Amino acid sequence: MTTTRLIRFIRRGQRVQLAHVAPDRTLLEVLREDLAATGTKEGCGEGDCGACTVVLGSERDGRMHYEAVNACIRLAHSIDGMALWTVEDLTADPLIQPAGDAAGGDLHPAQQALVDCHGTQCGFCTPGFAMSMFGMYQNHVCRGQAITREMAVRELSGNLCRCTGYRPILDAAQQMQELPAMRVDEAALLQHLKQLALDTQRPEADSTYDAPTTLQALLAARAAHPQAQVVAGCTDVGLWVTKGHRRFERVLDVTRAQELRAVREDGGLLTIGAAVTLTDAYAALVAHWPQLARFAERFAGLPVRNSGTLGGNVANGSPIGDSMPLLIALGAQVELASTRGSRRLPLEDLYTGYRTSVMAADELLTFIHVPLPVAGQLLAAYKVSKRFDDDISAVCLVLNLHVDAGRVAQARIGAGGVAAVPARARQAEAALAGQPWGEAAAAAAGQALQAEFSPISDMRASSAYRRELLAALPLRLWRESRQGTPQALTLHELSPLTLSEEALP
Amino acid sequence: MKRDDITLRGAGESAAIAPQPAMGRSHPHESARAQVAGNAHYIDDLPELRGTLFAAPVMSPVAHGRVNGIDASAALAMPGVHGVVLASDIPGDRVFPSAARDEAILASEAVQHVGQVVALVVADTVMAARRAARFVKLDVTPLPAILSVQDALAAQSFVLPPVHVRRGDAEAALAQATHRLQGQFETGGQEHFYLEGQIAYALPLEQGQWWIHSSNQHPGEVQHWVAHALGIPAHAVRVECRRMGGGFGGKETQAGHMAVWAALAARKFGRPVKLRLDRDDDFMVTGKRHPFAYEYDVGFDASGRITGLKLQMATDCGHSADLSGAVADRAVFHCDNAYFLEDVDIVSYRCKTHMQSHTAFRGFGGPQGVIAIEVILGDIARRLRLDALDVRLRNLYGKDERNVTHYQMQVEDNILHELLPTLEQSSDYRRRQKAVSAWNAVNPVFKRGLAITPVKFGISFTATLFNQAGALVHVYTDGSVQVNHGGTEMGQGLNTKVAQVVADELGVPLDHVMVTAADTSKVPNASATAASSGTDLNGRAAQYAARTVRDNLAAFVSGLDRCGAGAVRFEGGMVISPQTTRPWREVVVAAYANRIQLWSDGFYRTPKIHYDKTTLTGRPFFYFAYGAACTEVAIDTTTGESRVLAIDILHDVGRSLNPAIDVGQIEGGFIQGMGWLTTEELVWDPKGRLATHAPSTYKIPATSDVPEHLNVALWPEANREDNVGGSKAVGEPPFMLAISVYEALRNAVAAARADGGAAAGERIELRAPATAENVLRALGRVAG
């Protein structure tokens with residue numbers, strides 16, 4: 001007989017225990033309908049507006065780790081064992097206290113700053129902003145890190161506001177650090193979480209929401225229930241529930257398998273477990289390829305990156321996912337595992353068609369192996385979308401050239417948004433190989449890309465525009481590779497001609 | 001705080017006018033503390049009554065067709081489903097009682113757009129209702145659909161007859177013009193994207209009475225519509241709205257649909273019913289800002305001054321008239337923007353297409369009118385190779401001559417002759433324009449553009465009868481004050497401003513005054529909160545109500561102290577007569593004991609306005625609000641991507657009632673307008689299905705789209721007309737300042753095309769919204 005596990009989490013310094021929650025109910029539904037916590041709003045039901053942002057806390061390396069996530073597409077069961085804050089909790093959590101002798105107000109600094117800066121109008125997006133700011137407060141202010149405007153822009157890009165035009169909200173994000181400090185009592189919270197972890201639920205033989213803690217158990221569960229819906233961060237599967245109205249009788253959550261939660265470096269490879277969030281996975285990639293920083297931040301918004309996983313993005317296999325063109329260009333391999341054993345294959349060989357892959361019914365994607373950078377590597381990841389942040393690519397093109405003595409020794413190119421699958425651009429690679437790196441080679445690569453792909457027209461872009469980008473982006477790489485020239489700038493590095501007097505004639 | 005820098009800078013000379021204790025100060029929004037704490041209730045947050053059911057719409061899958069039948073059997077068999085509501089379940093009239101009476105409450109014979117609601121499924125939970133709605137099968141015979149404004153024009157498919165406004169002899173003026181230019185262009189629609197989607201909660205009460213919670217801008221109309229559909233008198237229906245999570249015009253008429261549908265479902269099942277649209281359904285069901293298509297023929301002299309203009313505006317109204325007539329009228333009233341058009345011929349077509357019924361959206365046709373003349377002036381400047389600001393200045397309405405609009409209203413309060421040069425100076429426009437040219441001369445990849453555009457926006461409902469408002473002010477015996485007025489709070493700060501007005505009228509601290517939910521059982525027949533008029537109308541009505549209470553108290557005190565009532569002052573929570581100073585509360589208690597009325601109504605109607613609908617002439621507006629913006633942009637000629645780099649705004653709100661709230665309206669309006677003209681692209685597929693139906697595909701501005709250089713200053717002069725507190729309306733006018741973004745982009749495109757050897761002075765054809773793709777198209781690099 002199938003059973004439903006309890007959901008247990010820490011809220012307002014107390015353990016909350018929920019029984020009989022269906023495996024496919026979202027955290028937002030449970031908050032609003034079961035717990036009467038209506039402060040958290042539904043704006044879109046698909047993780048794109050941030051009105052439903054809540055903060056999750058978990059132990060990591062002995063300290064608290066805070067993540068703002070979208071409650072609307074997060075399955076409720078996935079927060080088992082964590083701490084949860086909703087907007088109501090900022091004024092009701094006894095574990096949030098004024099720091100030292102500071103006399104705290106009745107509002108949290110994230111909230112008070114929004115009031116002081118006139119950061120609310122209709123107020124419907126406000127709880128989400130307050131929670132994203134609470135996450136920033138714990139992650140940055142409480143660790144002595146100043147919040148700059150640039151940081152606020154970046155970390156709030158997944159929260160939409162239709163009224164204010166954002167300026168007062170960005171002011172508030174920077175101002176909250178000036179207010180009397182309030183902080184989470186981490187020692188007490190860690191103790192609560194530890195107790196929760198010790199008080200392990202009896203593993204149910206046949207639970208409808210299964211989140212095994214070892215890879216072995218995970219693979220066994222996969223073999224036993226090949227029909228179960230596999231989820232990681234649920235940032236796409238969540239939409240199958242909210243928008244597709246699908247029901248899952250059984251869910252298999254891969255994110256608790258310890259082996260899959262780590263990033264390792266070994267044998268010239270960066271190995272990213274399938275349960276590593278996009279935030280952490282991209283941080284590991286950016287550590288090796290700093291030029292990917294802006295690209296990484298443009299992947300959805302922070303709440304989605306905090307929930308979603310790199311493995312999930314790859315396994316889902318959307319032709320417009322941004323991770324795959326990058327990983328293909330980097331020469332990444334994916335590891336697939338089942339109780340029968342494991343195998344590795346180049347990422348580009350994973351996909352067989354629109355959202356189909358070579359994965360067997362009992363297999364899971366477990367690891368992504370990325371070769372570490374070598375000297376002479378020229379890597380650029382380009383994303384073109386209607387909106388700069390928190391959007392899906394019209395075209396994503398990642399070029400990885402090995403330039404040796406002015407010549408392209410080798411090229412690997414990944415492309416998204418131009419075919420039914422994330423694709424490797426072998427013809428363009430061939431067009432570049434052996435050529436002197438220059439405008440002619442870049443133009444030839446562009447022509448090869450245009451010959452290689454026949455992108456469709458849709459609501460994001462026309463086929464003609466996508467084709468034009470395929471030709472233009474290799475030329476942009478050529479331009480940007482000429483360091484020190486004005487052409488090496490990007491649009492986002494331009495300043496207005498107002499601020500510096502010397503810029504004026 | 002930066003915010004104060006902005007407001008103080010803006011306060012300028014007006015600081016000389018000592019602000020009132022409450023008015024003129026940047027008090028926080030009355031709900032701010034509740035909003036940040038998650039305690040501000042929206043309709044979906046209200047406790048649900050026992051037995052509440054949930055409804056979800058069944059929508060047409062085709063753009064145009066004849067309905068042969070509806071088969072709900074599969075849906076009815078699903079768990080938790082109670083039933084469906086069809087047109088045959090409507091006890092009253094089956095047509096929405098709009099002026100045109102052209103929209104079925106539930107489509108039963110024909111469907112007119114993809115997403116038109118034909119039925120509702122009612123179930124135990126919202127998800128059960130939504131799931132089941134997809135299993136209701138429609139038997140529809142498709143009919144030919146009109147899916148573009150051009151096709152509608154060709155087919156003479158209109159929701160309302162065309163409107164023609166002429167002055168002088170445009171044809172002759174064009175024939176004699178030194179220069180002449182023709183062009184065509186289009187502007188796209190815009191989804192409101194209020195963060196709180198459409199919602200209504202209908203509660204059947206005893207004895208055939210109803211209580212409707214509706215997130216809407218016009219409770220009086222919702223009351224009328226619900227009564228009409230249920231076939232009951234209006235007095236049996238009470239509509240309440242404490243706040244909306246954004247409206248922007250999208251909840252003016254079209255929130256009424258939700259309320260009527262919820263009420264019909266509640267009537268059929270005899271239980272409370274909540275209807276909360278899923279965001280995707282909201283996009284599919286409700287109308288947007290009207291897309292427009294333009295054709296013009298303009299004559300001008302060597303200085304760029306317009307000597308004659310023929311302008312055709314074709315408005316895509318969607319399948320029904322809704323508010324389209326008034327929207328298209330306002331476009332006609334605003335296609336002059338700030339400029340004198342002597343010999344002019346304007347024709348406006350109100351086209352019927354098989355799409356969502358487009359509706360009110362901040363500016364209400366004004367933006368579509370203003371952009372027409374701004375595009376034309378930009379074209380003229382580029383053709384003559386003159387600075388566009390100089391051309392704009394030369395065309396401004398004069399102060400003493402050239403000051404009558406094409407609809408025969410004299411422009412009496414023109415401040416642009418002072419405001420524009422002030423912004424020109426403060427934004428350093430001339431030097432920056434040179435710097436932009438210098439940059440463009442040496443940078444082939446990134447091109448910059450800079451533009452200043454002004455706005456002159458007429459304030460008042462063009463339908464004169466809507467320019468009335470009522471309010472109630474109740475003083476309780478503890479001295480606290482409750483205010484109710486006919487306006488609705490959608491985030492714009494109306495309740496805050498009204499509270500400030502009442503506090504100063506009674507001379508009490510602001511925290512004594514509470515404004516309560518809009519409620520048709522308190523103030524009846526209230527107009528929509530729209531046309532930027534919320535504070536002008538309701539603020540004044542509340543002021544008059546408070547004044548009556550104050551007069552009652554003054555008369556009472558004058559009797560006690562044997563002085564004239566006029567000698568009694570109300571200040572700082574005290575009531576001051578020449579003899580005695582008493583605390584407010586003490587006076588209130590004493591007055592109550594002496595049976596003095598401590599509450600009153602107030603009524604206001606806007607003076608001076610009149611308008612003849614048959615000749616399209618008169619004074620439709622009480623006054624104009626003005627402003628101007630200077631915007632710098634850059635484009636990447638590789639991909640067409642663009643950035644707004646700097647914005648300087650100087651805007652006229654009269655004597656600001658609340659500078660922080662006004663700056664919030666200005667910035668928010670500008671960024672929303674920027675979205676309309678840059679990233680917010682609505683795409684309908686060839687079958688008329690809206691393909692951009694959620695924030696994943698429809699992109700409103702996000703944090704990183706707003707430049708750090710965003711300066712807002714307020715023009716330091718009170719309204720020259722007698723408006724509440726000397727203020728001016730602020731909701732819509734700033735939206736149009738974002739046209740400077742579009743003109744700056746066209747300048748950048750022109751610079752890039754000049755590099756490519758394009759003919760000097762050519763028209764820059766940049767589709768709005770200027771997405772990266774459309775910029776690259778304007779550069780000649782994308783066909784189609």
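Please read all numbers here as calculations on a predicted model, not as lab measurements. The sequence lines fix the lettering, A, B, ..., with proteins before strands; numbering per chain opens at 1.
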| field | Best-contacting candidate, A/E88, A/Q111, A/R246, against chain B by heavy atom pairs under 4.5 angstrom | value | A/Q111
| side chain to side chain contact (heavy atoms under 4.5 Å, CB included) between B/V782 and A/R467, intermediate numbers included | CA-CA 9 Å; B/V782 179; A/R467 284 177 56 77; over 6 Å; no
| Using non-hydrogen atoms only, which part of B/P707 is less than 4.5 Å away from chain A: side chain, backbone, both, or neither? | backbone
| query | So how far is it from B/M127 CE to A/T242 OG1, rounded to the nearest 0.5 Å? | reply | 6.5 Å
| field | Heavy-atom donor-acceptor pair, B/E641 side chain to A/L491 backbone, under 3.5 Å | value | no
| query | Can a salt bridge be assigned to the pair A/R162 and B/E680 using a cut-off of 4.0 Å between side-chain N and carboxylate O? | reply | yes
| field | Atom pair OG/CG of B/S26 and A/D116 - distance to nearest 0.5 Å | value | 12.0 Å
| query | Is the side chain of A/Y166 donor-acceptor paired with the backbone N or O of B/P701 at a distance under 3.5 Å, no angle test? | reply | yes
| message | Do A/C44 and B/P695 have side chains that approach each other closer than 4.5 Å (heavy atoms only, starting at C-beta)? | response | yes
| request: Any chance you could measure B/D636, atom CG, to A/T490, atom OG1, to the nearest 0.5 Å? | output: 8.5 Å
| query | Roughly how far, to the nearest 0.5 Å, is the OG1 atom of B/T703 from the CG atom of A/N159? | reply | 8.5 Å
| request: Determine the option with the most heavy-atom pairs under 4.5 angstrom with chain A, choosing from B/R448, B/M490, B/Q665. | output: B/R448
| field | Quiz item: cation-pi between B/R643 and A/F388, 6.0 Å / 45° | value | yes
| Between B/G491, B/G246, B/S437, B/G38, the one whose heavy-atom pairs under 4.5 Å with chain A are most numerous | B/G491
| message | If only side-chain N and O atoms count, and only distance matters, is there a donor-acceptor pair under 3.5 Å linking B/T638 with A/R479? | response | yes
| said: As an exercise, state the distance from CG of B/L779 to CD of A/E468, rounded to the nearest 0.5 Å. | reply: 9.5 Å
| query | So, A/R167 side chain and B/L710 main chain: donor-acceptor pair closer than 3.5 Å or not? | reply | no
| request: Name the region of A/L475, side chain, backbone, both or neither, that has any atom closer than 4.5 Å to a heavy atom of chain B. | output: neither
| query | What part of B/F670 is in contact with chain A, defined as an atom under 4.5 angstrom from a non-hydrogen atom: side chain, backbone, both or neither? | reply | neither
| query | Does the pair B/V683 and A/R460 meet the rule for a side chain to side chain contact (heavy atoms under 4.5 Å, CB included), with working shown? | reply | CA-CA 9 Å; B/V683 179; A/R460 292 196 174 85; over 6 Å; no
| Within the distance-only criterion (no hydrogens, no angle test), does the side chain of B/R279 pair as donor or acceptor with the backbone N or O of A/G43 below 3.5 angstrom? | yes
| request: Return yes if some donor-acceptor pair links the side-chain N/O of A/Q121 with the main-chain N/O of B/G664 below 3.5 Å, else return no. | output: yes
| note | Taking every heavy atom of A/V115 against every heavy atom of B/P28, the minimum-distance pair comes out as CG1-CB, 4.2 Å
| Region of A/L90 in contact with chain B, defined by heavy-atom distances below 4.5 Å | neither
| field | Part of B/H27 within contact of chain A (heavy atom distance under 4.5 Å) | value | backbone
| field | NZ/NE/NH1/NH2 to OD/OE distance under 4.0 Å, B/D44 and A/K41 | value | no
| field | Greatest number of heavy atom pairs closer than 4.5 Å to chain B - which of A/A130, A/C163, A/C49 | value | A/C163
| request: Could you check which of B/T692, B/T771, B/D278 has the highest count of heavy-atom pairs closer than 4.5 Å to chain A? | output: B/D278
| query | Measuring heavy-atom distances to chain A, does B/T125 have an atom under 4.5 Å in its side chain, in its backbone, in both, or in neither? | reply | neither
| said: Could you check whether any side-chain N or O of B/Y42 sits under 3.5 Å from a backbone N or O of A/G123, counting only pairs where one atom can act as donor and the other as acceptor? | reply: yes
| query | Which answer fits A/E178, side chain, backbone, both or neither, if we ask what part of it has an atom under 4.5 Å from a heavy atom of chain B? | reply | neither
| Heavy-atom proximity to chain B below 4.5 Å, by part of A/K386 | both
| message | With a 4.5 angstrom heavy-atom cut-off, is it the side chain or the backbone of A/A464 that approaches chain B, or both, or neither? | response | both
| task | Name the region of B/A783, side chain, backbone, both or neither, that has any atom closer than 4.5 Å to a heavy atom of chain A. | result | backbone
| Which one, B/T697, B/T679, B/I700, B/I671, leads in non-hydrogen pairs under 4.5 Å with chain A? | B/I700
| task | For the pair B/K699 and A/D390, find out whether any cationic side-chain nitrogen is under 4.0 Å from an anionic carboxylate oxygen. | result | no
| request: Look at the side chain of B/Q35 and the backbone N and O of A/C122, then say whether any donor-acceptor pair between them is shorter than 3.5 Å. | output: yes
| query | Where does B/L46 contact chain A at under 4.5 Å (heavy atoms): side chain, backbone, both or neither? | reply | neither
| query | Where does A/R32 contact chain B at under 4.5 Å (heavy atoms): side chain, backbone, both or neither? | reply | side chain
| Which residue out of A/T40, A/V395, A/L473, A/T120 racks up the most heavy-atom pairs below 4.5 Å with chain B? | A/T120
| said: So for A/T164, is it side chain, backbone, both, or neither that comes closer than 4.5 Å to the heavy atoms of chain B? | reply: backbone
| request: Mind checking the CE-CH2 spacing from A/M459 to B/W684? Nearest 0.5 Å is all I need. | output: 13.5 Å
| message | Keeping A/Y465 on the side-chain end and B/T639 on the backbone end, is there a donor-acceptor pair under 3.5 Å? | response | yes
| query | For A/R247, is it the side chain, the backbone, both or neither that has a heavy atom under 4.5 Å from a heavy atom of chain B? | reply | side chain
| message | Donor-acceptor check, side chain of A/E46 to backbone of B/S696, threshold 3.5 angstrom: yes or no? | response | yes
| Among A/T126, A/V87, A/T91, side-chain contact (heavy atoms from CB on, under 4.5 Å) partner for B/V36 | A/T126
| request: Go through A/D389, A/D391, A/L114 and name the one with the most non-hydrogen pairs under 4.5 angstrom from chain B. | output: A/D391
| field | Heavy-atom proximity to chain A below 4.5 Å, by part of B/V644 | value | neither
| said: Would you say B/E773 and A/S462 are linked by a side-chain donor-acceptor pair, where the criterion is simply a distance under 3.5 Å? | reply: yes
| task | Name the region of B/A702, side chain, backbone, both or neither, that has any atom closer than 4.5 Å to a heavy atom of chain A. | result | both
| task | May I ask you to test the B/R33-A/Q112 pair for a side-chain heavy-atom distance under 4.5 Å? | result | yes
